[in-house]
There are 6 protein chains.
Amino acid sequence: MKLSARNVLKGKVKSIVTGMVNSEIVIELPGGVEMTSIITKTSAENLKLKEGSEVYAIVKASNVIIGTD
Amino acid sequence: MKLSARNVLKGKVKSIVTGMVNSEIVIELPGGVEMTSIITKTSAENLKLKEGSEVYAIVKASNVIIGTD
Amino acid sequence: MKLSARNVLKGKVKSIVTGMVNSEIVIELPGGVEMTSIITKTSAENLKLKEGSEVYAIVKASNVIIGTD
Amino acid sequence: MKLSARNVLKGKVKSIVTGMVNSEIVIELPGGVEMTSIITKTSAENLKLKEGSEVYAIVKASNVIIGTD
Amino acid sequence: MKLSARNVLKGKVKSIVTGMVNSEIVIELPGGVEMTSIITKTSAENLKLKEGSEVYAIVKASNVIIGTD
Amino acid sequence: MKLSARNVLKGKVKSIVTGMVNSEIVIELPGGVEMTSIITKTSAENLKLKEGSEVYAIVKASNVIIGTD
């Protein structure tokens with residue numbers, strides 16, 4: 001599937017914390033930068049996510065805030 | 001300011017497209033990956049963004065979707 | 001690609017309004033219900049969207065508000 | 001109340017999973033399509049949601065991603 | 001309609017900027033604090049928003065980032 | 001850090017509910033209005049949030065829905 005979302009970053013699952021409704025997925029991007037995602041526990045199971053899984057972190061452009069020093 | 005947002009990625013502004021209400025900001029991360037952000041035109045002006053500006057792309061973890069092949 | 005997003009609704013593009021930065025895409029779902037999406041103009045072009053295009057409207061569960069009468 | 005949100009889809013609650021902070025609400029739309037929403041546990045209680053409750057799934061247009069095959 | 005959204009702040013429209021797709025609405029809350037909202041131009045027209053209109057600024061709790069000094 | 005987010009409201013933490021993945025933070029603004037935020041449990045710990053902490057509730061303008069009576 002092609003997506004309108006402008007940000008699709010490839011990485012590997014580094015760790016997973018599972019709650020009753022949501023799961024926290026930490027993804028390591030090439031170069032060592034980490035991204036964290038909250039998805040439903042059901043989605044984490046449906047995607048069979050585990051440490052080392054190759055994944056994409058997908059972010060809609062309207063959800064990116066910009067900061068400056 | 002410290003933020004609860006888990007994803008704060010450092011980069012440089014590569015290009016800006018300015019509309020009547022919103023502006024599209026393309027940010028180049030180290031390694032050449034690009035992120036795109038839509039912010040208000042007023043915010044782009046307030047932050048004095050221009051090509052080459054050093055910025056952070058900030059994303060709340062609940063806004064990160066995960067995809068797998 | 002498989003997505004963590006829980007809501008993936010199939011439909012057809014009914015109309016497109018193009019701005020300088022964003023485009024408004026109205027999608028007709030089976031049964032006649034409409035959904036509206038705002039994506040970047042660049043994404044609408046990349047996906048080659050036009051009236052009648054078959055598309056999916058994708059929504060992360062954390063972005064669905066519930067209302068009651 | 002009238003809302004600026006462009007997407008207001010009527011349905012019935014099919015199932016609820018309750019966590020410590022959030023609840024997952026699965027809504028069945030006419031025709032059998034399902035939508036999933038994550039709201040706070042407190043909101044689910046305030047709205048007195050239970051299986052069979054008539055509800056609206058409300059989504060802001062800027063939160064709808066578009067995908068194509 | 002009752003909403004799951006936890007944040008519903010009453011105010012008055014202070015100014016409107018209209019683009020081709022989106023409109024920027026600045027709302028003044030009691031005490032003088034301002035909130036800014038981006039909605040579709042069509043929604044602004046449907047709600048007949050104009051300076052002085054009494055409105056609610058509605059925010060889902062999962063969209064509130066926290067910062068500290 | 002300066003942020004593109006247009007809505008930055010100062011307040012004090014009134015209460016915290018901690019789940020396994022997320023925490024719910026209720027913030028009291030001057031004048032007694034409350035705002036609720038869902039952030040990750042890890043962020044709440046990193047920011048050392050507790051009752052009485054001075055915080056900012058930060059909301060991107062594209063995440064503000066408008067309602068009218």
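Naming convention: chains lettered A, B, ... in sequence-line order (proteins, then strands); numbering from 1 in each chain.
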| request: Provide the closest heavy-atom pair for D/A5 versus D/I58 in the form atom of the first, atom of the second, distance. | output: CB-CG2, 3.6 Å
| Side-chain touch D/I27/C/I66, heavy atoms, less than 4.5 angstrom | yes
| message | Quick check on C/L3 against chain D: is it the side chain, the backbone, both or neither that has a heavy atom closer than 4.5 Å? | response | neither
| note | If one checks every heavy atom of C/V33 against chain D at 4.5 Å, the contacting part turns out to be side chain
| query | Given that the side chain runs from C-beta out, which part of D/I39 has a heavy atom under 4.5 Å from chain C: side chain, backbone, both or neither? | reply | side chain
| field | Nearest-0.5 Å distance, CD1 of residue D/I38 to CD1 of residue C/I65 | value | 13.5 Å
| Any side-chain heavy-atom pair of C/V13 and C/V26 under 4.5 Å | no
Quick one: donor-acceptor pairs under 3.5 angstrom, chain C versus chain D?
from	atom 1	to	atom 2	distance (Å)
C/R6	NH1	D/E24	OE1	3.2
C/R6	NH2	D/E24	OE2	3.3
C/N7	OD1	D/T36	N	2.7
C/N7	ND2	D/T36	O	2.9
C/E24	OE1	D/R6	NH1	3.2
C/E24	OE2	D/R6	NH2	3.3
C/T36	N	D/N7	OD1	2.7
C/T36	O	D/N7	ND2	3.0
C/S37	OG	D/V64	O	2.7
C/I38	N	D/A61	O	3.1
C/Y56	N	D/G67	O	2.8
C/Y56	O	D/G67	N	2.9
C/Y56	OH	D/D69	OD1	3.4
C/Y56	OH	D/D69	OD2	3.1
C/I58	N	D/I65	O	2.8
C/I58	O	D/I65	N	2.9
C/A61	O	D/I38	N	3.1
C/V64	O	D/S37	OG	2.7
C/I65	N	D/I58	O	2.9
C/I65	O	D/I58	N	2.8
C/G67	N	D/Y56	O	2.9
C/G67	O	D/Y56	N	2.8
C/D69	OD1	D/Y56	OH	3.4
C/D69	OD2	D/Y56	OH	3.0

| request: With side-chain contact (heavy atoms from CB on, under 4.5 Å) as the test, would you mind laying out the steps for D/L49 and D/I25 before giving the verdict? | output: CA-CA 9 Å; D/L49 297 183; D/I25 316 292; 4.0 Å; yes
